[in-house]
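Let me begin by presenting the structure, written as structure tokens, before commenting on it.
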Amino acid sequence: QVQLVESGGGLVQAGDSLRLSCAASGRYAMGWFRQNPGKEREFVAGISRGGGTSDYADSVKGRFTISRDNAKNTVYLQMNSLKPEDTAVYYCAANRLRVLAGKTSRDYDYWGQGTQVTVSS
């Protein structure tokens, strides 16, 4: 059973930074998604099991960075220059069998509980 525990969300102002963490029970291909009420879950960033490959949604390229510490089985999402439109519940996700991270919800088998990020203008 894969367990994912997220932390680091909060309320910030536009232009501020936040770092989200996702502690996993093992080493997996990981992704971050976000979702607002009534909307589909949206891919934000993904990182391969080894950490050598990452991918981003166009909306966050240049502002967000995904990274991992494999010694701690923890994946991070550093979010800089936050905008009000980044407001959402952020979820980390894992795929136990893949090496590379996918870009759709169907590419992941396990999900964290979500952490709220609110960016005020």
Side-chain angles (χ1 to χ4, degrees):
Q1 182 73 10
V2 175
Q3 294 183 330
L4 305 172
V5 179
E6 298 141 345
S7 61
L11 171 63
V12 297
Q13 293 185 333
D16 285 351
S17 298
L18 271 178
R19 188 178 78 159
L20 306 182
S21 300
C22 178
S25 53
R27 188 180 301 182
Y28 314 106
M30 301 286 292
W32 285 98
F33 289 74
R34 63 189 182 187
Q35 189 173 25
N36 280 303
K39 294 190 176 181
E40 292 189 358
R41 196 163 292 188
E42 173 191 20
F43 172 77
V44 176
I47 190 165
S48 60
R49 186 187 298 173
T53 304
S54 58
D55 202 358
Y56 298 90
D58 288 343
S59 59
V60 306
K61 279 182 181 176
R63 299 188 298 122
F64 291 12
T65 303
I66 189 170
S67 63
R68 65 188 306 153
D69 182 340
N70 284 334
K72 297 180 179 180
N73 288 335
T74 300
V75 173
Y76 305 97
L77 184 67
Q78 177 67 44
M79 305 185 293
N80 298 330
S81 302
L82 282 162
K83 304 175 180 179
E85 51 263 44
D86 294 319
T87 295
V89 177
Y90 282 70
Y91 298 89
C92 69
N95 185 294
R96 192 168 56 86
L97 300 179
R98 291 173 63 106
V99 173
L100 299 178
K103 298 181 71 171
T104 72
S105 298
R106 294 187 301 274
D107 294 323
Y108 296 88
D109 305 307
Y110 300 93
W111 295 84
Q113 79 283 3
T115 185
Q116 177 71 46
V117 172
T118 303
V119 185
S120 63
S121 58

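The structure displayed is predicted, hence computed values, not measured ones.
For the pair Ser21 and Thr74, the tightest heavy-atom approach, listed with the atom from each and the gap, is CB-CG2, 4.3 Å. The minimum heavy-atom distance linking Ala14 with Ser121 is given by the pair CB-CA, 4.4 Å. Scanning both residues, Gly31 and Tyr108, for their nearest heavy atoms gives N-CE2, 3.5 Å.
When side chains are defined from C-beta on, Ser59 counts as touching Glu42, because their heavy atoms get closer than 4.5 Å. Two residues are said to be in side-chain contact when any heavy atoms from C-beta on lie closer than 4.5 Å; Ser105 and Gln35 fail this criterion.
Separating the OG atom in Ser54 from the CG atom in Leu100 is a distance of 11.0 Å, to the nearest 0.5 Å. Separation of atoms CD (Gln3) and CD (Gln113) is listed at 11.0 Å; rounding is to 0.5 Å. To the nearest 0.5 angstrom, Tyr76 atom OH is 14.0 Å from Thr65 atom OG1.
The backbone N or O of Asp107 lies less than 3.5 Å from a partner atom in the side chain of Asn95, making a donor-acceptor pair. Using modelled atom types, no side-chain atom of Arg68 and backbone atom of Ala29 make a donor-acceptor pair closer than 3.5 Å. In this structure a side-chain-to-backbone donor-acceptor pair under 3.5 Å is present from Glu6 to Gly114.
Arg49 pairs by the salt bridge (Lys or Arg N to Asp or Glu O under 4.0 Å) definition with nothing, not counting sequence neighbours. The salt bridge (Lys or Arg N to Asp or Glu O under 4.0 Å) check on Arg27 picks up nothing, with sequence neighbours excluded.
Asp58 and Lys61 are joined by a salt bridge, as a carboxylate oxygen and a charged side-chain nitrogen come within less than 4.0 angstrom of each other.
Using a 4.5 Å cut-off between side-chain heavy atoms of Ile, Leu, Val, Met, Phe, Trp and Tyr, Leu77 falls into a hydrophobic cluster with Val2, Leu4, Val12, Leu18, Leu20, Tyr28, Met30, Trp32, Val44, Ile47, Tyr56, Val60, Phe64, Ile66, Val75, Met79, Leu82, Tyr90, Tyr110, Val117, Val119.
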- Item | Full working for side chain to side chain contact (heavy atoms under 4.5 Å, CB included) between Trp111 and Arg41 | CA-CA 12 Å; Trp111 295 84; Arg41 196 163 292 188; 3.2 Å; yes
